[in-house]
Amino acid sequence: LLFAAGLAGEQPTTIKSQGPFPGPFVAETILESIVESLTLHGYQLADDPQICCLHVQARLRQLNGTRSHASR
């Protein structure tokens, strides 16, 4: 599970990852909990594509690279 938070139109102030989880239900429950917590702290969901998508993709590549090196 990867998520980013920050101001609209700017680079994310935080990118976090959690997991792996034993199944999609657990991951969805954790995601809902994170969204609720961020919402309580004043964050809002953005409907339009954000620059943070690029940062999340880079973080995913980094995690996948680390995982593939660990399994060798």
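Here the closest heavy-atom approach between residue A27 and residue L1 is recorded as O-CD2, 4.0 Å.
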Pairs of donor and acceptor atoms involving the side chains of residues 31-46, under 3.5 Å and at least two apart or interchain, shall be tabulated with distances.
residue	atom	partner	partner atom	Å
T39	OG1	V35	O	2.7
H41	ND1	S37	O	2.7

Only distances under 3.5 Å count here; give the side-chain donor-acceptor pairs of residues 12-21 to other protein atoms, sequence neighbours excluded, each with its distance to 0.1 Å.
residue	atom	partner	partner atom	Å
T13	OG1	A5	O	3.0
S17	OG	R59	NH2	3.3

